[in-house]
Engineer: 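Quick one: this structure, given as structure tokens, is what I'll be asking you about.
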Amino acid sequence: MRRFTVYDTLSRETRLFVPLVPPKVGLFVCGLTPYDDAHIGHGRIGVVFDSVARALTRWGYRPFYVQNVTNIDDRLIARGAESGTNPLVLADRHFLAWTLAMRELGVTSVNYYPHATDFIPEIVHQIQSLVERGFAYPASGSVYYEVAKFDRYGRLSGQKVEELRPGSRADVEPGKRAPEDFVLWKAARPGEPSWDSPWGPGRPGWHIEDTAITVRLFGPRYDIHGGGLDLKFPHHEAEIAQAEAATGEAPLVNFWMHAGLVSIAGEKMSKSLGNSVLLQDGIGTFGPMAVRFYYLNAHYRSPLDFVGGKSLEEAKVAYERLAGPFDRISEILARDGLERSGRDLPPDAARAASSCVEKLDEAMATDFNTREAIALLFGWSKAMADWIPHVESLSGSALAALGAPYRWGHEVLGLFRTDDSLPGGELLGRVVAVALEARARARARGDFAEADRIRDALGLAGLAIEDEGDRSRWHARAGNPE
RNA sequence: GCCGAGGUGGCAGAAUGGUUAAUGCGACGGACUGCAGAUCCGUUUCCUGGGGGUUCGAUUCCCUCCCUCGGCUCCA
């Protein structure tokens with residue numbers, strides 16, 4: 001297991017990671033409330049922690065990555081009422097869209113997406129423990145957490161309870177003993193989905209599902225908790241208060257990882273502010289790899305400002321350039337296989353490749369510095385410029401050696417996918433070859449008007465044609481004209 | 001008001017108590033090309049919010065001020 005460091009938000013320092021039970025790593029990331037389509041900001045969380053889990057796996061750890069789904073809450077109920085849809089159905093629908101987007105983005109590391117409503121017994125049980133231990137009190141069918149009873153409350157966020165501004169953004173609910181108390185169980189109002197409990201029909205409060213799930217899946221303590229910076233207070237603070245009070249064990253989490261938010265025009269991207277750009281639109285317009293690259297091109301803790309279409313356009317251009325040499329290598333290897341004969345690599349080039357991979361691991365092992373890793377990959381692509389002109393003369397194993405840093409990028413960053421083949425696959429390739437053959441003949445006899453006509457026609461069909469000497473290569477232009 | 005995260009070139013965005021502060025985008029010039037495209041080479045020597053301090057040396061550590069964003073019980 002490789003040693004690596006992580007910045008822990010609770011201790012406010014970058015520390016050496018030590019798993020509780022090596023090589024296992026319990027990784028919980030605050031998931032989504034699928035009441036609406038996901039936007040670019042949500043996607044960042046998905047991709048960032050996917051790369052974390054990928055790195056852990058590469059380094060010999062065995063992460064168990066759980067991302068919860070809050071499929072019942074106020075907004076879902078409100079949206080459901082607006083459209084006459086059962087909120088649980090609404091949640092399923094948006095969750096399905098989320099998983100499809102994640103698949104496109106290459107998010108492969110999540111092991112389990114527990115839904116809040118599948119953990120009602122665990123939730124009720126945890127609330128009961130809190131009541132029995134004197135940390136929570138029932139009031140008219142609801143149950144509240146009494147913040148004053150938990151003296152570590154505020155440690156994660158640095159807040160002092162007496163400095164909070166109660167009700168600054170939401171109304172203080174009646175029935176609480178103190179404004180900072182938060183709801184664990186919400187009494188059902190007529191027509192709302194509800195579950196039975198010792199306090200009457202109701203549903204879970206916002207924070208309780210996470211700790212009910214993690215205590216069940218990981219036990220009272222686990223390794224890493226991730227989420228957006230905006231969840232630090234109150235949500236993560238509440239998680240600590242709930243779990244540590246309910247189980248009597250601490251700390252709940254050894255490493256808190258908070259990802260920076262995506263802003264747009266300087267403001268947080270948020271559904272409620274109405275400034276969000278939909279994740280699926282970004283993926284559809286610029287392609288999933290451009291979106292993934294965009295996220296990983298900044299350190300996960302940094303704020304990231306989304307500038308209209310420009311950010312993703314820029315990411316797409318940069319990514320495609322980065323992937324250029326990789327595409328050439330994989331093209332040849334796909335055609336001829338690893339056994340293809342040819343020149344071998346001089347030892348210093350082979351050493352450079354493996355040293356590049358080592359540096360990549362080092363960058364990632366320093367608080368998951370994906371930006372540094374990408375800079376290294378650009379350096380490698382630049383070094384590849386010496387090889388690209390005679391890449392056709394290299395042996396399969398030489399090509400594989402040159403491809404090692406890209407394979408790292410694929411494994412850890414989830415970039416350099418080769419499965420972006422067009423619908424039509426091989427058949428399309430054969431048809432395009434016929435057109436390119438006709439064009440090659442036109443060029444050979446100097447009929448450039450005809451050659452350009454064919455190139456333009458293929459261009460309209462969505463294919464880019466690039467000449468290299470008398471050979472032509474083609475690829476689908478991103479953006480998929482249809 | 002309190003808490004937190006930030007402020008780096010035209011833009012995006014890293015890093016570090018010490019030779020020219022990554023990398024990418026953009027721009028400009030050139031090579032290659034029938035023309036493009038892609039690619040390559042070169043240039044973009046004057047970029048670390050302001051002011052103090054510690055130090056031989058600060059963008060980095062300390063103090064202070066300014067600004068932006070986030071949170072203060074809906075939020076990734």
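Residue numbers start from 1 in every chain, and the chains themselves are labelled A, B, ... in the order their sequence lines are given, proteins ahead of strands. Nothing here was measured: the structure is a model prediction, and the numbers come from that model.
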Engineer: Can you tell me how far P in B:G17 sits from the matching atom in B:C61, rounded to whole Å?
Structural biologist: 8 Å
Engineer: NA contact type, A:R471, heavy-atom cut-off 4.0 Å: base, sugar-phosphate, or nothing?
Structural biologist: nothing
Engineer: For the residue pair A:H390 and A:W387, does the interplanar ring angle fall in the parallel (under 30°), tilted (30 to 60°) or perpendicular (over 60°) class?
Structural biologist: perpendicular
Engineer: Rounding to an integer number of angstrom, what distance separates B:G34 and B:G29 when you compare their C1' atoms?
Structural biologist: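 Between the two C1' atoms, the distance is 23 Å.
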Engineer: Please work out if A:H39 contacts a base, only the sugar-phosphate, or nothing of the nucleic acid, heavy-atom cut-off 4.0 Å.
Structural biologist: base
Engineer: For the pair A:F306 and A:Y294, name the ring-plane relationship: parallel under 30°, tilted 30 to 60°, perpendicular over 60°.
Structural biologist: perpendicular
Engineer: Judged by modelled atom types alone, do A:D367 and A:T5 share a side-chain donor-acceptor pair under 3.5 Å?
Structural biologist: no
Engineer: Starting from the 5' end of RNA chain B, give me the residue, A:I388 or A:G379, whose nearest nucleotide shows up first.
Structural biologist: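 Of the two residues, A:G379 wins.
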Engineer: Looking at A:R321, does any N or O in its side chain come under 4.0 Å of the phosphate oxygens OP1/OP2 on B:G26?
Structural biologist: no
Engineer: Both distances below 3.5 Å, Watson-Crick or wobble geometry, any strand: find the nucleotide opposite B:U39.
Structural biologist: B:A31
Engineer: Nearest-nucleotide wise, let me know which of A:L156 and A:R443 is further upstream toward the 5' end of RNA chain B.
Structural biologist: A:L156
Engineer: Base, sugar-phosphate, or nothing: which does A:F182 touch, judged by heavy atoms less than 4.0 Å apart?
Structural biologist: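 Touches a base.
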